Amino acid sequence: MNAMEKVAWAELLVCATAVAAVGLLVPWLGDGAMGGFGLLGFLGFTALFLRQRGNRVITDERDTQIQRTATGLSMGAAWFTLFMGVTALVIWANQERDVVPTRVLTWLIWISFAVLYGVKGLAGVVLYRRHHAA
Amino acid sequence: MPRKKEQGLTNCIRDLRTAASGMTQQDLADQVGVTRQTIVALEGGDYTPSLTLALRIARVFGKPTDEVFQLEQG
């Protein structure tokens, strides 16, 4: 498994852990469960996988192609989530003649981030498996 | 999207590598500037390299590119 495949797995696992933590905390903390999304901050440590060791190549053209595809898919999914969410909120606010609570927007933004990294990690893992991982 | 597997594109990298005094995948990867996993994917026919990488590989073995990579008539 090369460095970028480890990054993809880390993105998928950290994102799944964050979503699971939020899901488990909601019954007790309500909106406070959003704090569970803070676990996404651990993604910052994925840079450790990309440390240069000796003269070995860390990433190459195959990694670039896979990451480009995974990023494109994840950006699409996250934007879709965000815009569909905002659209639904606008329709709801218009029909109910009410204001959208800030907490709903906060949930939407966190969920969009989770989708972004979750889809990116999943797409990366699948593409590496499909293109002969070793 | 990673380049799709080209139908009919084969290579003899594994044969050339083993013939070259037992050159390892890592040795070849280091010489052409890619990861070992990319060499594994190339040898398995699961990855179509860029033209630059194909030329670099051919240069390592001292062969013309079309002796290392073959495209069947389609």
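Nothing here was measured: the structure is a model prediction, and the numbers come from that model. Throughout, a chain's letter reflects where its sequence line sits, starting with A, and its residues are numbered from 1.
- Under a 3.5 Å cut-off, the side chain of A:Asp60 and the backbone N or O of B:Thr35 do form a donor-acceptor pair.
- B:Gln26 touches chain A through its side chain: at least one heavy atom from C-beta onward sits under 4.5 Å away, while N, CA, C and O do not.
- Listed for the A:Glu61 side chain is no donor-acceptor partner under 3.5 Å among the backbone atoms of B:Pro49.
- Side-chain contact between A:Arg56 and B:Asp30: present, with at least one pair of heavy atoms (C-beta onward) separated by less than 4.5 Å.
- Residues A:Leu82 and A:Leu73 share a hydrophobic cluster, clusters being chains of Ile/Leu/Val/Met/Phe/Trp/Tyr side chains in contact below 4.5 Å.
- The hydrophobic cluster containing A:Val14 also contains A:Phe45, counting ILVMFWY residues as joined when their side-chain heavy atoms lie under 4.5 angstrom apart, directly or transitively.
- In this structure, A:Gln65 and B:Tyr47 approach most closely via the heavy-atom pair NE2-OH, 3.1 Å.
- Hydrophobic clustering (ILVMFWY, side-chain heavy atoms < 4.5 Å, transitive): A:Val57 and B:Leu42 are in distinct clusters.
- Using a 4.5 Å cut-off between heavy atoms, A:Asp63 contacts chain B through its side chain alone, with no backbone atom that close.
- Under the 4.5 Å side-chain heavy-atom criterion for ILVMFWY residues, a single connected hydrophobic cluster contains both A:Val119 and A:Tyr117.
- Hydrophobic clustering (side-chain heavy atoms under 4.5 Å, transitive across Ile, Leu, Val, Met, Phe, Trp, Tyr) groups B:Val60 together with B:Ile39.
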Could you please spell out the steps behind the side-chain contact (heavy atoms from CB on, under 4.5 Å) verdict for B:Gln37 and A:Met1? CA-CA 7 Å; B:Gln37 287 77 11; A:Met1 191 184 293; 5.5 Å; no
